[in-house]
A.B. asks: 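Just passing along the structure, written as structure tokens.
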Amino acid sequence: MIKEKNSKPSKELPLGFVDRQERELLVRDFIISNIKEVMIKYGFQYLETPSFEYSDSIGKFLPDKDRPDEGVFSFKDENKWLSLRYDLTAPLARYVAKNYLEIPKPFKRYQLGRVWRNEKPGPGRFREFLQFDADYVGTKSLQADAELCVMISEILEKCGLAKTDYAIKISSRKITEELFKKLNITDSKQKLIVLRALDKIDRLGWNGVNELLGAGRKDKSGDFTKGANLKTKDIKIIQEELKKKSPETEDLVEIFKIFQDYNFDNFEFDPSIIRGLEYYTGPIFEVNLKFDVTNNKNQVIQFGSVGGGGRYDNLVNNFGNYDAPATGISIGIDRLVYALMQKKEFKVKQYKPVVICVFDKNSMKEYINVQSILRKAGISTEIYPGENKLKKQMEYANKIKSPAVILYGDTEIKSGKPTLRDLSSGKEKSIEIKELVNEIKKII
RNA sequence: GCAGCAGUAGCUCAGUAGGUUAGAGCACUAGUUUGUGGAACUAGGGGUCGGUGGUUCGAAUCCACCCUGCUGUACCA
């Protein structure tokens, strides 16, 4: 086979996709197992939906648009456009609409799954990521909204975060709605610009937001963003309204009362949080971390939230027949992993195998015997995979961070006492086979 | 998308008034030790200096365009 040099396949990954190594995966597994435990306790049922959906089932795309690829990965299958899901909420709405008559009302489900977004990735943000979602469908009760917040904090604390490490920020769409009425802002485009500006308070502060509400803002790199062109007087009114310390809308008053009954206090009323602009209709939540997150160059980066959600009473109704008010919350698992791994006190135990060295292929029977004794006792064990000099085998064991090596050569086999070498101390001991398990457990 | 910065060995980087075979540390391979890892020493492999074109007797170095990455910003249903 002749291959042009230029035709070698690329070993690079597509933008926004990453390989994930064991350390990270173990942290992720840990988080997931905590999530599952909590979900069972709260009585949610487990659901999985496919990665692909019909494009029009999970988003609203203009009929004249040739390719529905704004932000999503799509392809045409026969005559229908399919898209990789960009979140788990839209597929849930589709699922509920499809199975409405069979499912319990309210329907409580949770889901873990990868989602894909065709956007520019940022620090800790990828184009493929794992999301966790818990939703109540078919209830208007604010008890549901409140419980989601309590539940999400239980998960975070189970994962090792302290109360001071995070906060659930809460607001309601009703606040901004009333504000628009008051200021007589009716143009939906301008509403969007205002909402987007307000959404950035945590990053830009009021100074930056005021610029965006007014003429516009120039960022650090010198790039300019046009503003909403509001009057100074109106900007002032917005500021006053959004700086209020306690909520005046009914929904939030009720939720905060429920929090009291739960004895839950790790939340902050923050009228400046906006979140996604399309489908939320009531209370909205955002899960924010309060410690600095850095990149691999040790620079503190703008990390943003690890999750959020809110009430979306009309989403299921979009499919036609059924009216199902709903509320839900989600966590970006990979982002949480990324942040959690930076907490110094956070360690996940990795189990590495004890390595049985190979001196002579003809003694394989003896090695396998020792191996199965150890494995039966639940000890991760392997016979050195290959035929190499002892030195190589030791280097291998060291490289994989094996806790110990078993030397079982001719002399040891004759006496029936393998040598156990503790790889962290370097000490060796001659041990009866039946004592091996006990001795190794001391080392591990 | 827009903007700023950057791309030299697997990794982190040095190397510009343009000049012989392009360097270091770490990692890797072999050996010093043919039954012993993590330390040390010795030797070795590995680079079309992101790509393409241009200027020049001569380009990692200068110019143009492109690609990729980082950071910010916009968008994020």
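Convention: sequence-line order gives letters A, B, ...; per-chain numbering from 1. Keep in mind the model is a prediction, meaning the values are calculated, not measured.
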A.B. asks: Go ahead and name the base partner of B/C26; Watson-Crick or wobble counts if both distances stay under 3.5 Å, otherwise write none.
C.D. replies: B/G10
A.B. asks: I'd like to check A/P283 versus A/I255 (side-chain heavy atoms, cut-off strictly below 4.5 Å). Are they in contact?
C.D. replies: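 Side chain of A/P283 against side chain of A/I255, heavy atoms only: contact under 4.5 Å found.
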A.B. asks: Using the C1' atom in both, what is the distance from B/U56 to B/C62, to the nearest Å?
C.D. replies: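 One C1' to the other, the span is 10 Å.
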A.B. asks: Of the options A/T327, A/T281, A/D145, which is the one that meets A/R311 in a side-chain hydrogen bond (donor to acceptor under 3.5 Å, both in side chains)?
C.D. replies: A/D145
A.B. asks: Under 4.0 Å between any heavy atoms, over every strand shown, what does A/K120 touch: base, sugar-phosphate, or nothing? Just pick one.
C.D. replies: base
A.B. asks: Between B/A22 and B/C49, how many Å separate the two C1' atoms, rounded to a whole number?
C.D. replies: 8 Å
A.B. asks: Considering all heavy atoms of both residues, which atom of A/R173 and which atom of A/R275 are nearest to each other, and what is their separation?
C.D. replies: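 Smallest interatomic distance, heavy atoms only, reads NH1-O, 3.6 Å.
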A.B. asks: Looking for any heavy atom pair under 4.0 Å, which part of the strands does A/T411 touch: base, sugar-phosphate only, or nothing?
C.D. replies: base
A.B. asks: Using heavy atoms to find the nearest nucleotide of RNA chain B for A/Y408 and A/L204 separately, return the residue whose nucleotide is more 5′.
C.D. replies: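 Counting from the 5' end, the first nearest nucleotide belongs to A/Y408.
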A.B. asks: Nearest-Å distance, CD1 (A/I201) to C1' (B/U73)?
C.D. replies: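 Going from A/I201 (CD1) to B/U73 (C1'), I get 18 Å.
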A.B. asks: Using 30° and 60° as the class boundaries, would you call the ring planes of A/Y95 and A/F107 parallel, tilted or perpendicular?
C.D. replies: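 Correct class here is parallel.
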A.B. asks: Provide the distance between the two P atoms, one in B/U29 and one in B/G38, to the nearest whole Å.
C.D. replies: 11 Å
A.B. asks: How long is the straight-line distance from OH of A/Y46 back to CD of A/Q111, given to the nearest 0.5 Å?
C.D. replies: 9.0 Å
A.B. asks: Distance check needed: B/A77 P versus A/W116 CH2, whole Å only.
C.D. replies: 18 Å
A.B. asks: Do A/F52 and A/F75 have their ring centres less than 6.0 Å from each other?
C.D. replies: yes
A.B. asks: Tell me which nucleotide among B/U36, B/A77, B/A74 gets nearest to the side chain of A/T225.
C.D. replies: B/A74
A.B. asks: So is A/K349 actually on top of A/Y351's ring, under 6.0 Å and inside 45° of the axis?
C.D. replies: yes
A.B. asks: So, OP1 or OP2 of B/A74: does either fall under 4.0 Å of a side-chain N or O from A/R196?
C.D. replies: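 Indeed not, no polar side-chain atom of A/R196 lies that close.
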A.B. asks: Is B/C2 paired to anything, Watson-Crick or G-U wobble with both distances less than 3.5 Å, and if yes, which nucleotide?
C.D. replies: B/G72
A.B. asks: Is A/D410 touching bases, backbone alone, or none of the nucleic acid, heavy atoms closer than 4.0 Å?
C.D. replies: base
A.B. asks: Using the P atom in both, what is the distance from B/G72 to B/C26, to the nearest Å?
C.D. replies: 34 Å
A.B. asks: Using the P atom as the reference point in each nucleotide, state the distance between B/A40 and B/G25 in Å, no decimals.
C.D. replies: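 It comes out at 13 Å once rounded to the nearest Å.
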A.B. asks: Mind calculating the distance between CG (A/L212) and C1' (B/C75) to the nearest angstrom?
C.D. replies: 14 Å
A.B. asks: In whole Å, what separates the C1' atom of B/U12 from that of B/A3?
C.D. replies: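 B/U12 and B/A3 have their C1' atoms separated by 28 Å.
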A.B. asks: Can you check each nucleotide of nucleotides 38-45 of chain B against protein heavy atoms at under 4.0 Å and return B for base, S for sugar-phosphate only, - for none, in 5' to 3' order?
C.D. replies: B-------
A.B. asks: Classify A/K226 by what it touches in the nucleic acid, base, sugar-phosphate, or nothing, heavy-atom distance under 4.0 Å.
C.D. replies: nothing
A.B. asks: With the stacking rule set at 5.5 Å and 30°, tell me whether A/F359 counts as stacking on B/G35.
C.D. replies: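 Aromatic stack with B/G35 absent for A/F359.
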A.B. asks: Rounded to whole Å, how long is the line connecting atom OH of A/Y86 with atom P of B/A77?
C.D. replies: 9 Å
A.B. asks: What's the gap between B/U8 and B/G47 when it is taken at their P atoms, as a whole Å value?
C.D. replies: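 So the two P atoms sit 15 Å from each other.
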A.B. asks: Ignoring hydrogens and angles, are the base of B/G35 and the side chain of A/E428 linked by a donor-acceptor pair under 3.5 Å?
C.D. replies: no
A.B. asks: Considering Watson-Crick and G-U wobble pairs with both distances under 3.5 Å, what does B/A17 pair with?
C.D. replies: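 Base partner found: none.
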A.B. asks: To the nearest Å, how far apart are A/I356 CD1 and B/G35 C1'?
C.D. replies: 16 Å
A.B. asks: B/U36 P sits how many Å from A/K389 NZ, rounded?
C.D. replies: 10 Å
A.B. asks: Once you round it to whole Å, what is the distance between C1' of B/G35 and CD of A/E366?
C.D. replies: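 It works out to 17 Å between those atoms.
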A.B. asks: So that I know where these two stand, are A/F44 and A/Y136 an aromatic pair - ring centroids less than 6.0 Å apart?
C.D. replies: yes
A.B. asks: Do A/R28 and A/E24 have side chains that approach each other closer than 4.5 Å (heavy atoms only, starting at C-beta)?
C.D. replies: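 They are not in contact (no side-chain heavy atoms under 4.5 Å apart), so the answer is no.
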A.B. asks: With a 3.5 angstrom cut-off on both distances, give the Watson-Crick or G-U wobble partner of B/C65, or none if there isn't one.
C.D. replies: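 In the structure as shown, B/C65 has B/G51 as its Watson-Crick or wobble partner.
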A.B. asks: Given atom NZ of A/K399 and atom P of B/A27, what is their separation to the nearest angstrom?
C.D. replies: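 Taking NZ of A/K399 and P of B/A27, I get 9 Å after rounding.
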A.B. asks: Between B/A3 and A/R217, is there an OP1 or OP2 to side-chain N/O distance shorter than 4.0 Å?
C.D. replies: no
A.B. asks: Given B/A30, is OP1 or OP2 found less than 4.0 Å from the side-chain N or O atoms of A/K392?
C.D. replies: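 A/K392 to B/A30 OP1/OP2: side-chain N or O found under 4.0 Å.
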A.B. asks: Please determine, for the side chain of A/M394, which listed nucleotide (B/A77, B/G37, B/A74) has the closest atom?
C.D. replies: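 That would be B/G37.
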A.B. asks: Could you tell me how far B/A9 sits from B/U52 if I compare only their P atoms? Round to whole Å.
C.D. replies: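 Comparing P positions in B/U52 and B/A9 gives a spacing of 16 Å.
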A.B. asks: Parallel under 30°, tilted from 30 to 60°, perpendicular over 60°: which one fits the rings of A/Y322 and A/Y100?
C.D. replies: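 A/Y322 vs A/Y100 ring planes: parallel.
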A.B. asks: Hunt down the Watson-Crick or G-U wobble partner of B/G35, both distances under 3.5 Å, from any strand shown, or write none.
C.D. replies: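 For B/G35, the partner nucleotide comes out as none, under the 3.5 Å rule.
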A.B. asks: Return the 5'-most residue of the pair A/E119, A/P14 with respect to RNA chain B, ranking by each residue's nearest nucleotide.
C.D. replies: A/P14
